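Here is the structure we will look at.
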Amino acid sequence: MNKKIIFSISILLSLIYICGCALSSREYTKQFIAMDTYMSLKAYGDFADNSLELAKTEINRLDLLLSAEKENSEISILNSTGYCKVSSDTATIIETALSLGNNTEGTINIAIYPIVELWGFPGRDYYVPKEAELEQLLPSTSLENIIFNKSTSEITLKDNAKLDLGAIAKGYTSDKVIEILKNNGVTSAIISLGQNVQTLGRKPDGSLWTVGIKNPDTDNKKLSTDDIIGTLSVENKAVISSGNYERFFISDGQKYHHIIDPDTGYPADTGLISVTIVSESGIVADALSTALFVMGKDKALDYWDSHRNDFDVVFIEENGNITITSGLQNTFNSKLPYSVAR
Ligand code: AMP
Ligand code: MG
């Protein structure tokens, strides 16, 4: 072969290589409303477009299965009839929720729905219950009212119990989406299902993903007037927040938010206004964001201390204090002062 031909072939190969790289880091996005929240999916590479379509289909499928507000969902059937033989998705979520519920002194309690309904959160038809009304409903929220037969996937609810997977379903869903993207050849993606963010790999340029933590202090601006109070630099992690700013109403000047303390039936009032969990598992991060919010910072730090390999936390308090757990020291960035729990 003469030199000219070799030169032309090598130019051609370089061009193919350059185009190939450009193609394999091409960005695809999808935005839509599902699970009563705004969702945004972003993935890169040759397989991203098709994978995101599959992911959206999966999210809508799970929404129809898990929502307590959709008439024919498995959860609605359970809530209206007290019995359902459920899909493996619903069984897995319920099993995980029961195990984490028992592990966290019931601070995440998927039998909370009668109370959530009484406050009017599902249809945004708000009402401040009388203490006696709450007390009357509390026994129905015992986790012991959920009879779960693991071998047959049958669930029976006793004592007028009703389930609400709102504290955990999006975390399960984000795990499933990441799994679908991975199984279809995607290596770089970031998805946000409302306040649930989950990342796959790194950005196409090899750098870490930057996930902002929303400023929860919407009332008195003690923290900062910025929309975010800091960022986390992560790869292959779920970053999931629970906060009193996500859903609430005001009655007679008092704010009532959607995260209920299962012991009292009232919105959890521990001084925390947001809890962000960072974990490899979306379902764990989602369940614990709610549970640790209900526990309050001191108990939550004790819980973290005995599970520190599983997750890390960013706590934001009403008084403006920010605390991160030690695993986030090289991950959390903020211009605001914060302390590190060790
Ligand atoms: P999250 O935003 O993940 O903290 O979930 C909050 C949602 O879960 C609420 O909108 C309720 O539907 C439901 N919920 C509220 N309090 C609890 C609780 N203590 N345990 C389980 N689910 C709850
Ligand atoms: Mg949650």
Side-chain angles (χ1 to χ4, degrees), residues 35-38 63 66-70 73 75-76 79 93-94 96-126 129 134 137-138 140-143 145-146 161-175 192-198 214 216 238-249 256-270 272-279 281-296 299-300 303 311 313-316:
M35 300 187 166
D36 205 18
T37 195
Y38 174 77
D63 195 6
L66 305 172
S67 167
E69 294 174 53
K70 295 210 157 66
S73 73
I75 298 305
S76 288
N79 288 350
I93 297 173
I94 290 180
T96 310
L98 289 177
S99 139
L100 286 168
N102 290 321
N103 203 249
T104 58
E105 296 178 13
T107 45
I108 164 153
N109 179 336
I110 53 166
I112 201 72
Y113 199 56
I115 303 272
V116 171
E117 256 185 330
L118 181 61
W119 283 95
F121 284 107
R124 292 177 169 80
D125 185 13
Y126 301 121
L134 290 170
L137 278 185
L138 282 176
S140 70
T141 67
S142 164
L143 286 179
N145 290 335
I146 308 172
K162 286 185 181 184
L163 304 191
D164 175 355
L165 303 186
I168 188 168
K170 287 203 284 289
Y172 176 79
T173 305
S174 60
D175 280 338
S192 115
L193 319 183
Q195 289 304 303
N196 290 35
V197 174
Q198 198 154 336
K214 200 166 171 180
V239 177
I240 295 182
S241 300
S242 282
N244 69 351
Y245 57 90
E246 285 176 65
R247 192 176 283 192
F248 64 87
F249 67 97
Y256 299 98
H257 65 81
H258 69 140
I259 304 172
I260 306 293
D261 180 343
D263 275 346
T264 64
Y266 282 95
D269 183 18
T270 59
L272 288 171
I273 51 175
S274 119
V275 170
T276 300
I277 306 282
V278 183
S279 167
S281 159
I283 192 168
V284 167
D286 197 5
L288 292 182
S289 71
T290 311
L292 271 60
F293 189 99
V294 173
M295 282 181 204
K299 277 194 181 164
Y303 185 84
F311 69 96
V313 197
V314 179
F315 297 101
I316 305 174

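Treat the numbers as computed from the prediction; the structure is a model and nothing was measured. Note that ligands are numbered from 1 as they come in the structure, with each ligand's atoms numbered from 1 the same way. Computed over heavy atoms, backbone and side chain alike; hydrogens, waters and symmetry mates excluded.
- A donor-acceptor pair is defined here as one N or O able to donate and one able to accept, closer than 3.5 Å; no such pair exists between the side chain of Asn196 and the backbone of Ile240.
- The nearest protein atom to atom 15 (C) of ligand 1, hydrogens excluded, is given as His258 O, 3.1 Å; this is a heavy-atom distance.
- Where the criterion is an N or O separation shorter than 3.5 Å, residue side chain and backbone included, Ile110 fails it with respect to ligand 1.
- Interface atoms of ligand 1 facing Asp286, defined by a heavy-atom separation under 4.0 Å, are 3 (O).
- Using a cut-off of 2.8 Å, one finds that Thr290 contributes an N/O/S atom close to the Mg ion (ligand 2).
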Take Val275 and Leu272, measure what side-chain contact (heavy atoms from CB on, under 4.5 Å) needs, and give me the verdict at the end.
-> CA-CA 7 Å; Val275 170; Leu272 288 171; 3.7 Å; yes
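- Although no hydrogens or angles enter the test, the distance criterion places no donor-acceptor pair under 3.5 Å between the side chain of Ser174 and the main chain of Gln198.
- One option in Ile112, Asp36, Leu288 has a heavy atom closer to atom 14 (N) of ligand 1 than any other, and that option is Ile112.
- Here is the list of ligand 1 atoms found below 4.0 Å of a heavy atom in Ser242: 1 (P), 2 (O), 3 (O), 4 (O).
- Residue contact check for ligand 1: Arg247 places no non-hydrogen atom closer than 4.0 Å to it.
- Nearest protein heavy-atom contact of atom 5 (O) of ligand 1 is Ala167 CA, 3.3 Å.
- The protein heavy atom nearest to atom 20 (N) of ligand 1 is Asn109 N, 2.9 Å.
- Remark: side-chain polar atoms of Asn145 are paired, donor with acceptor, to backbone N or O of Ser140 under 3.5 angstrom.
- No close placement of the Phe293 and His258 rings is indicated, their centers lying 6.0 Å or farther apart.
- One of the N, O or S atoms belonging to Ala167 lies under 2.8 Å away from the Mg ion (ligand 2).
- Near Pro262, meaning under 4.0 Å from any of its heavy atoms, are these atoms of ligand 1: 19 (N).
- Scanning Ile240, Ile108, Asp164 for the heavy atom closest to atom 13 (C) of ligand 1 points to Asp164.
- Close approach to Ile259 involves these atoms of ligand 1, each under 4.0 Å from a residue heavy atom: 4 (O), 15 (C), 16 (N).
- Protein heavy atom nearest atom 16 (N) of ligand 1, with residue, atom name and distance: Ile260 N, 3.0 Å.
- No more than 12 heavy atoms of other residues, nucleotides or ligands shown are found within 6.0 angstrom of CD on Glu105.
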Would Trp119 and Tyr126 count as a ring pair (Phe, Tyr, Trp, His ring centres under 6.0 Å) if you check the C-alpha gap in whole Å, the side-chain angles of each, and the deciding distance to 0.1 Å?
-> CA-CA 6 Å; Trp119 283 95; Tyr126 301 121; 9.5 Å; no
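- Between Thr290 and ligand 1, a contact under 3.5 Å exists for at least one N or O pair.
- A donor-acceptor contact shorter than 3.5 Å links the side chain of Asn102 to the backbone of Leu98.
- Residue contact annotation: Thr107 has a non-hydrogen atom under 4.0 Å from ligand 1.
- When all heavy atoms are compared, the tightest approach of Asp63 to Met35 is OD2-N, 2.9 Å.
- A side-chain donor from one of Thr104 and Thr107 sits under 3.5 Å from a side-chain acceptor of the other.
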